[in-house]
Amino acid sequence: QVQLVESGGGLVQAGDSLRLSCAAPGRTFNRYAVGWFRQAPGKERETVAVITWSGETTYLVESVKGRFTISRDNTMNTVYLQMNSLKPEDTAVYYCAADSWEYRATPRTDGMFYNYWGQGTQVTVSS
C-alpha cells in the first residue's frame, strides 16, 4: 500500500502563491498517475489536477488553468502543485492520491479510481 503525504499548505492572501508537495515516504509511486483534489466546507470534492506516471500528460480543471501547474520529479518521488494568483475560492483541503492502475497513458479525473490518498493539507486564501 502506498501512503501519501501532502505538505506546503498555509494561509495566504489573494494573489499569493503556494507550492504543494506530495510524497510517498519509503515507497515509490512513479508507476502511477497522481492527482490533486480539493474539498471546501459544504462542497463536493473536486479534481484539480492530474499527471500521468511519465509526466507527459496533465489535466487541469478549467477554474485553475493559467494559474496552477502540476509536475512531478520521479527521481525525488514527489509530485508538485504550483498554485499562483490564488483566489479566496481556492480555499479548501487539498489531497493528493495515486491512481490504482499502473502506467496509464491518459489521466483519469474521477477520484473513485484513486486508491491511495494522503491526509490533506489546508489552503486558506484571504481576500
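All values below come from the heavy atoms of this structure, side chains included, with hydrogens, waters and symmetry mates left out.
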Peer 1: Can you find a heavy atom in the side chain of Val123 that is under 4.5 Å from one in the side chain of Met83?
Peer 2: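 They are in contact (side-chain heavy atoms under 4.5 Å apart), so the answer is yes.
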Peer 1: Compute both the distance and the angle, then confirm whether Arg72 meets the cation-pi test with Phe29: under 6.0 Å from the six-membered ring centre, within 45 degrees of the axis.
Peer 2: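 Yes, a cation-pi geometry.
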Peer 1: If we only count heavy atoms from C-beta on, is the Val79 to Ile70 side-chain gap below 4.5 Å?
Peer 2: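 Contact flag for Val79/Ile70 side chains = yes.
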Peer 1: Using atom types as modelled, flag every donor-acceptor pair under 3.5 Å from a side chain in residues 9-26 to any protein atom, sequence neighbours excluded.
Peer 2:
{"residue": "Asp16", "atom": "OD2", "partner": "Gln13", "partner atom": "N", "Å": "3.1"}
{"residue": "Ser17", "atom": "OG", "partner": "Asn84", "partner atom": "OD1", "Å": "2.9"}

Peer 1: Looking at Gln119, I want to see if its CD is surrounded by more than 12 non-hydrogen atoms of other residues, nucleotides or ligands under 6.0 Å.
Peer 2: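 Check fails, neighbour count at 12 or below.
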Peer 1: Between Thr106 and Arg108, is there a side-chain donor-acceptor contact under 3.5 Å, judged purely by atom types and distance?
Peer 2: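 No - no donor-acceptor pair under 3.5 Å links their side chains.
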Peer 1: Check whether Asn74 reaches the backbone of Asn77 with its side chain - one donor and one acceptor, N or O, closer than 3.5 Å.
Peer 2: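 No, Asn74 side chain to Asn77 backbone: no donor-acceptor pair under 3.5 Å.
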Peer 1: Under a 4.5 Å cut-off applied to non-hydrogen side-chain atoms, are Ser63 and Glu46 in contact?
Peer 2: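 Result yes, sub-4.5 Å side-chain heavy-atom pair found.
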Peer 1: Mind checking the CE-CZ spacing from Met112 to Arg45? Nearest 0.5 Å is all I need.
Peer 2: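 It comes to 10.5 Å.
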Peer 1: Nearest heavy-atom pair of Leu86 and Arg67: which atoms, and what distance?
Peer 2: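 Closest pair (atom of Leu86, atom of Arg67, distance): CA-NH1, 3.9 Å.
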Peer 1: Quiz question: by atom type and distance under 3.5 Å, do the side chains of Gln122 and Thr124 form a donor-acceptor pair?
Peer 2: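 Indeed, the side chains of Gln122 and Thr124 share at least one donor-acceptor pair under 3.5 Å.
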Peer 1: Anything under 30° is parallel, anything over 60° is perpendicular, the rest tilted; go ahead and classify Tyr95 against Trp117.
Peer 2: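 Answer is perpendicular, since the angle exceeds 60°.
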Peer 1: Using a 4.5 Å cut-off on heavy atoms from C-beta on, say whether the side chain of Val64 contacts that of Val48.
Peer 2: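 Side-chain contact under 4.5 Å: yes.
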